[in-house]
Amino acid sequence: TIGGALLLQQLFNNYKRNQAIAGLAKRLEVTITSNDDAGIVATTGELIDKYGESLPDIDSLYVIRGTAFLKLGYGDAAISDATRAIEVNVRNTAAYYLRAEAYDSAGDVSSAIKDMSEVIRIDPRGAAQAYARRASYLAQIENYESALRDISEAINLDPGEEFWYWRRGQIRSKMGDYASAITDFSMAVKLKSSDPANYRDRGNAYASSGDYAKAIADYTTSLRLAPE
């Protein structure tokens, strides 16, 4: 869970003499470790209700609960918790990521784009993930040129991430630039040869460009890696 380990350590360090908070923090650790989202919601709620704004880094606690809410299907509650986290700490980038994901799940892509833009404003040099997320959202609304700029910036910031090349290959395929898409999918294959999606989508690009022999070879590899 985003910020979970750090927050728990801070709770233990700041309140190790307060057995009640330490006990709740321990219980929260157990629920996080076991992926018990309902338990996370209950325990974080108890911490917030009992100790409120006196807790250290309560914004991270809101993010932890909001993430659990989203996984349970309560998007509105996730957006509310992410917004509260931002109100407490406007530079909590994890809260923007959470809220953007919740907005996207609710079909509000424009708000998701705005939240990723805010992350980029806060930390432009460390925002590869935000650029990549914003690229995905832009592609959803078929703004492929802007999406291409964003995913290329993500690659500039983190050139070793296979997923970014795969995403750029998808965007370039949507734009009809199959030669460049094949180059990107090939880089994704080089970085992660075990992912069948890299071969499948390169196969699609080969097929769209008329190279059916290479397309069949890639489809065959993709099926071998993921026969189901």
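If you read the sequence from its start, that first residue is 1, and numbering goes on from there.
Across all non-hydrogen atoms, the minimal contact from Asp150 to Ala135 is CB-CB, 3.8 Å. Nearest approach of Ala94 to Val63, heavy atoms of both residues: CB-CG1, 4.2 Å. Counting all heavy atoms, side chain and backbone alike, Leu157 lies closest to Arg125 at CD2-O, 3.7 Å. Smallest separation of non-hydrogen atoms from Gly66 and Ala78: O-CB, 3.3 Å. Here the closest heavy-atom approach between residue Phe185 and residue Gly169 is recorded as CZ-C, 3.3 Å. Closest approach of Ala68 and Ile40 over heavy atoms only: CB-CG2, 3.8 Å.
Atoms OG1 and CG, on Thr44 and Leu61 in that order, are 5.5 Å from each other to the nearest 0.5 Å. For the atom pair CG (Asp37) and CG (Leu72), the distance works out to 5.0 Å, reported to the nearest 0.5 Å. Rounding to the nearest 0.5 angstrom, the gap separating the CE atom in Met116 from the CG atom in Asp104 is 10.0 Å. Distance check: Lys214 NZ to Ile216 CD1 gives 13.5 Å after rounding to the nearest 0.5 Å. In this structure, CG on Leu225 lies 12.0 Å from CZ on Arg200, to the nearest 0.5 angstrom. Between atom CD1 of residue Ile64 and atom CD1 of residue Ile58 there is a gap of 11.0 Å, rounded to the nearest 0.5 Å.
In this structure the side chain of Met175 reaches within 4.5 angstrom of the side chain of Ile171, judged on heavy atoms. Taking 4.5 Å as the limit, some side-chain heavy atom of Val189 sits within range of a side-chain heavy atom of Arg202. A heavy-atom distance below 4.5 Å is found between the side chains of Arg65 and Ile48. With contacts defined as side-chain heavy-atom distances shorter than 4.5 Å, the pair Trp164/Met187 does not qualify. Side-chain contact between Tyr131 and Ile120 is present, with at least one heavy-atom pair separated by less than 4.5 Å. By the 4.5 Å heavy-atom criterion applied to side chains, Pro159 and Tyr165 are counted as neighbours. Side-chain contact between Asn92 and Ile86: absent, with no pair of heavy atoms (C-beta onward) separated by less than 4.5 Å. The shortest side-chain heavy-atom distance between Leu98 and Tyr62 does not fall under the 4.5 Å cut-off.
With Thr31 contributing its side chain and Leu28 its backbone, the two residues share a donor-acceptor pair below 3.5 Å. In terms of modelled atom types and a separation under 3.5 Å, the side chain of Ser209 and the main chain of Tyr206 share a donor-acceptor contact. In this structure, the side chain of Ser222 does not engage the main chain of Asp218 through any donor-acceptor pair within 3.5 Å. Judged by distance alone, with hydrogens and angles left aside, the side-chain atoms of Tyr144 form no donor-acceptor pair with the main-chain N or O of Leu138 at under 3.5 Å.
A 6.0 Å sphere centred on OH of Tyr74 holds no more than 12 heavy atoms belonging to other residues, nucleotides or ligands. For CD of Glu145, the number of neighbouring non-hydrogen atoms (other residues, nucleotides, ligands) closer than 6.0 Å is 12 at most. Other residues, nucleotides and ligands place more than 12 heavy atoms under 6.0 Å from the CG atom of Asp123.
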*Walk me through it: do Leu70 and Asp81 pass the test side chain to side chain contact (heavy atoms under 4.5 Å, CB included)?*
CA-CA 10 Å; Leu70 185 59; Asp81 268 358; over 6 Å; no

*When you look at Arg84 and Glu87, which way does the salt bridge (Lys or Arg N to Asp or Glu O under 4.0 Å) test go after all the steps?*
CA-CA 5 Å; Arg84 288 164 120 182; Glu87 289 169 351; 5.9 Å; no

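Leu24 is connected to Ile32 through a chain of hydrophobic side-chain contacts under 4.5 Å among Ile, Leu, Val, Met, Phe, Trp and Tyr, so both are in one cluster. In the hydrophobic clustering of ILVMFWY residues, with side-chain heavy atoms under 4.5 Å counting as a link, Tyr97 and Phe69 come out apart. Following chains of ILVMFWY side-chain contacts shorter than 4.5 Å, one can reach Tyr137 starting from Tyr96, so the two form part of one hydrophobic cluster.
Salt bridge Arg172/Asp184: present, at least one basic N to carboxylate O contact under 4.0 Å. The pair Glu46-Arg27 meets the salt-bridge criterion, since a charged nitrogen lies less than 4.0 angstrom from a carboxylate oxygen. Taking 4.0 Å as the cut-off between side-chain N and carboxylate O, Arg121 and Glu118 count as a salt-bridged pair.
Screening Tyr219, Tyr199, Tyr178 for a side-chain hydrogen bond (donor to acceptor under 3.5 Å, both in side chains) with Asn204, the sole residue that qualifies is Tyr219. No option in Lys192, Lys190, Glu162 other than Glu162 meets the side-chain hydrogen bond (donor to acceptor under 3.5 Å, both in side chains) test with Asn198.
A side-chain donor from one of Arg149 and Ser146 sits under 3.5 Å from a side-chain acceptor of the other. Side-chain contact check for Asp108 and Ser110: at least one donor-acceptor pair (N or O, by modelled atom type) lies under 3.5 Å.
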